[in-house]
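Quick caveat, the model's predicted, so the values are computed rather than measured.
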Amino acid sequence: MTVRERIFMRLEELHMSQKEFSEKTGISQSAISEWKTKKTNPTTDKILIICQVLEVTPVWLLSGIDREGNRGNESKLIVIDKDTELGKLVMDYNKLPRDFRARLLGYAYALSEMNEES
């Protein structure tokens, strides 16, 4: 199965029209129609937004390996939108010096353990 076939299969599963998909991804309806009629695939710069809208991993979209991106093992890949709260947190974390990162991770682990205990 090709990338475009997986996209259209997933659109059917989500009961999402090509128009709605176009609006959510910012990809023109004509480009989406070309994937179908000319049997072409989207360009690589569109893959992450497509995955976000279709709620799939890049691994699944590109390879067909199950939607969770694994074969029984947890995926090691996480895609985060930089404009979300979590994305901003990751961006700020990456700006910190190594010792501050270690301290922040220590706080996060401690909070996580406290949360599990309650």
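Residue M114 places its CE atom among 12 or fewer non-hydrogen atoms of other residues, nucleotides or ligands, all under 6.0 Å distant.
Between W60 and R6, the shortest heavy-atom contact is O-NE, 3.1 Å. Across every non-hydrogen atom of S28 and S22, the tightest pair is C-OG, 3.8 Å. Minimum interatomic distance between L54 and R10 (heavy atoms only, all atoms of both residues): O-NE, 2.8 Å.
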Could you walk me through whether N41 and W35 satisfy the side-chain contact (heavy atoms from CB on, under 4.5 Å) test, starting with their C-alpha distance in whole Å, then the side-chain angles of each, then the deciding distance to 0.1 Å, before giving a yes or no? CA-CA 6 Å; N41 288 311; W35 301 341; over 6 Å; no

Show your reasoning for whether side-chain contact (heavy atoms from CB on, under 4.5 Å) applies to E13 and M9. CA-CA 6 Å; E13 289 175 356; M9 179 186 78; 4.0 Å; yes

Candidate pair Q52 and K24, rule side-chain contact (heavy atoms from CB on, under 4.5 Å), full reasoning: CA-CA 10 Å; Q52 183 178 14; K24 288 183 176 190; over 6 Å; no

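L11 and L14 fall within a single hydrophobic cluster, where Ile, Leu, Val, Met, Phe, Trp and Tyr side chains are chained together by heavy-atom contacts under 4.5 Å. Using a 4.5 Å cut-off between side-chain heavy atoms of Ile, Leu, Val, Met, Phe, Trp and Tyr, with links allowed through other members, Y109 and Y107 fall into different hydrophobic clusters. L96 and L105 fall within a single hydrophobic cluster, where Ile, Leu, Val, Met, Phe, Trp and Tyr side chains are chained together by heavy-atom contacts under 4.5 Å. L111 is not connected to F100 by any chain of hydrophobic side-chain contacts under 4.5 Å among Ile, Leu, Val, Met, Phe, Trp and Tyr, and they are in different clusters.
At a threshold of 4.5 Å between non-hydrogen side-chain atoms, the residues L48 and P58 count as touching.
Of the inter-residue distances, the one linking Q29 atom CD with S17 atom OG reads 7.5 Å to the nearest 0.5 angstrom. Of the inter-residue distances, the one linking Q18 atom CD with T25 atom OG1 reads 10.5 Å to the nearest 0.5 angstrom. Interatomic distance, CG of L61 versus CD1 of I47, reported as 5.0 Å (0.5 Å rounding). Note that the OG1 atom of T2 and the CZ atom of F8 stand 9.0 Å from one another [nearest 0.5 Å]. How far CD1 of I27 is from CZ of F21: 5.0 Å, rounded to the nearest 0.5 Å. For the atom pair CG (D81) and CD1 (I49), the distance works out to 7.0 Å, reported to the nearest 0.5 Å.
Not counting sequence neighbours, K88 has no partner by the salt bridge (charged side-chain N to carboxylate O under 4.0 Å, His left out) test.
Listed by first then second residue, pairs satisfying salt bridge (charged side-chain N to carboxylate O under 4.0 Å, His left out) with a partner in residues 89-114 read D92-K95, not counting sequence neighbours.
With hydrogens and angles disregarded, no donor-acceptor distance shorter than 3.5 Å links the side chain of E23 to the backbone of E20.
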